[in-house]
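A short write-up of the structure that comes next.
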Protein chains: 2
Amino acid sequence: MENTPSTSHSDIPGVDALVNELIGRVADKWTLLVLEALEEHGESRFSQLARNVPGISQKMLTQTLRQMERDGFVHRTVHPVIPPHVDYRLTPLGHSLGEAFCGVWHWAEQHLDDVETARTAFDTRD
Amino acid sequence: MENTPSTSHSDIPGVDALVNELIGRVADKWTLLVLEALEEHGESRFSQLARNVPGISQKMLTQTLRQMERDGFVHRTVHPVIPPHVDYRLTPLGHSLGEAFCGVWHWAEQHLDDVETARTAFDTRD
DNA sequence: TCCATTTCTTACCTGCTGGTGACTACAGCA
DNA sequence: TGCTGTAGTCACCAGCAGGTAAGAAATGGA
């Protein structure tokens, strides 16, 4: 498996840095949780998301949603009524991101025990 | 692919939280970069890694490596000589993590332009 | 004798992330 | 008239992530 990594993501120098930056933005804790909530519950209102994402504050929810909207992951629909009504739903791009992270979720599930074991082994040795 | 997420990671309540915590640890910026450096260059010494991971400080490299060692991603070989000689290499578990993230790297490469486009569209509108 | 080498630790300090709580706008309803 | 519900914004503040710099430890070479 030592042949693939260098060819898969280093074709053009400079892309690496951009990809890194993108990963950094996308691998954000709150982004992942909001992404998951939207995958699970489908189109949601702001207050629904606040309830479905455990522990998120209003500020971070707003901020995360703005960022995801800017990156093209969520679509924001404002119904101009009083009181305000805003719906958020994943775009196809957002969905594809969710699927890409599916592999990592999968890995985490499968290897949760391995990591746990490694940790206790590390902690109890020496 | 819309059927898997809810069934794939919510079988047992509580696992979700653990998986979340694991993802949070693993999606760390420095962890990903060190992982990549080790995938690319194979077994490396401390100072080699410091050179291969752009912008990391000694402190963060030590800290990240300790964490990855504890989680069972890297194996640390100490050659008891003076001056010290320490080698780091990925364990099979570390490799599997690298492969899991491969999908995300891939996604990032493929959709880099889409995100870029979405951003400029977002910034230039209204 | 003294310095360079290599891997790490520790102390200190700064800047940013993110939480809290108050505030806005507007219409309907009691 | 004033309270309520929704989706925010803003100002303030604490805690922590992470950078810098110094030191330790032992040995071979000048």
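What you are looking at is a predicted structure, and each value in this text was computed from that prediction instead of being measured. Every chain is numbered from 1, with letters handed out A, B, ... down the list of sequences.
Under the 3.5 Å distance criterion, the side-chain polar atoms of B/Thr91 are matched with a main-chain donor or acceptor of B/Gly72.
Remark: C1' of C/dC16 and CE of A/Met60 are 12 Å apart, rounded to the nearest angstrom. Distance, B/Leu49 CG to C/dT6 P: 15 Å, rounded to whole Å. For A/Gln63 and D/dC10, the CD to C1' distance is 13 Å, given to the nearest whole Å. Taking atom CG of residue B/Leu33 and atom P of nucleotide D/dG18, one finds them 12 Å apart after rounding to whole Å. Summarising the geometry, the separation between NE2 on A/His85 and P on D/dG5 is reported as 17 Å, rounded to the nearest angstrom. Between the P atom of D/dA17 and the CD1 atom of B/Ile56 lies a distance of 15 Å, rounded to the nearest Å. C/dA27 atom C1' lies 18 Å from atom NE2 of A/His79, rounded to whole Å. In this structure, A/Trp30 places its CH2 atom 21 Å from P of C/dC16, rounding to the nearest Å.
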All N/O donor-acceptor pairs, side-chain side in residues 73-87 of chain A, below 3.5 Å, sequence neighbours left out:
unit_1: A/Arg76; atom_1: NE; unit_2: A/Tyr88; atom_2: OH; d: 3.2
unit_1: A/His79; atom_1: NE2; unit_2: A/Asp87; atom_2: OD2; d: 2.9
unit_1: A/His85; atom_1: NE2; unit_2: A/Asp87; atom_2: OD1; d: 3.4
unit_1: A/His85; atom_1: NE2; unit_2: A/Asp87; atom_2: OD2; d: 3.4

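Here NZ of B/Lys29 is found 9.0 Å from CD1 of B/Ile56. Values are rounded to the nearest 0.5 Å. To the nearest 0.5 Å, atom OG1 of residue A/Thr64 and atom CH2 of residue A/Trp30 are 8.0 Å apart. B/Thr117 OG1 to B/His111 NE2: the interatomic distance, rounded to the nearest 0.5 Å, is 12.0 Å. A distance of 7.0 Å separates CG of A/Leu97 from CG of A/Leu93, quoted to the nearest 0.5 Å.
In terms of the side-chain contact (heavy atoms from CB on, under 4.5 Å) criterion, residue partners of B/Gln58 (sequence neighbours excluded) are, by chain and number, B/Phe46. Residues satisfying the side-chain hydrogen bond (donor to acceptor under 3.5 Å, both in side chains) test with A/Ser96, not counting sequence neighbours, are B/Trp107.
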B/S/- along nucleotides 21-30 of chain D (protein heavy atoms under 4.0 Å) is -B---BS---

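Between A/Glu36 and A/Trp105, the closest heavy-atom pair is OE1-CH2, 3.5 Å.
At its two ends the helix from C/dT1-D/dA30 to C/dA30-D/dT1 runs along axes set 30° apart, each axis drawn from five pairs and the angle rounded to 10°.
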Working note: B/Met60 + B/Gln63, criterion side chain to side chain contact (heavy atoms under 4.5 Å, CB included); need CA distance, chi angles, decisive distance, verdict. CA-CA 5 Å; B/Met60 286 318 292; B/Gln63 200 171 298; 3.7 Å; yes

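Checking B/Thr62 against A/Gly55, the closest nucleotide of DNA chain C that is more toward the 5' end is the one next to B/Thr62.
Paired with B/Val34 under the rule side-chain contact (heavy atoms from CB on, under 4.5 Å), one option of B/Asn52, B/Val53, B/Asp28 passes, and it is B/Val53.
Look at B/Glu116 and B/Arg119 and you find no salt bridge, because none of the NZ, NE, NH1 or NH2 atoms lies under 4.0 Å from a carboxylate O.
Of all the residues in residues 67-78 of chain A, not one reaches under 4.0 Å from DNA chain C with any non-hydrogen atom.
For D/dT9, the OP1/OP2 oxygens have a side-chain nitrogen or oxygen of A/Arg66 closer than 4.0 Å. Using a 4.0 Å cut-off, no side-chain N or O of A/Arg45 falls inside it from OP1 or OP2 of D/dT6.
Within 4.0 Å of B/Ser47, counting heavy atoms only, lie sugar-phosphate atoms of the nucleic acid but no base atom.
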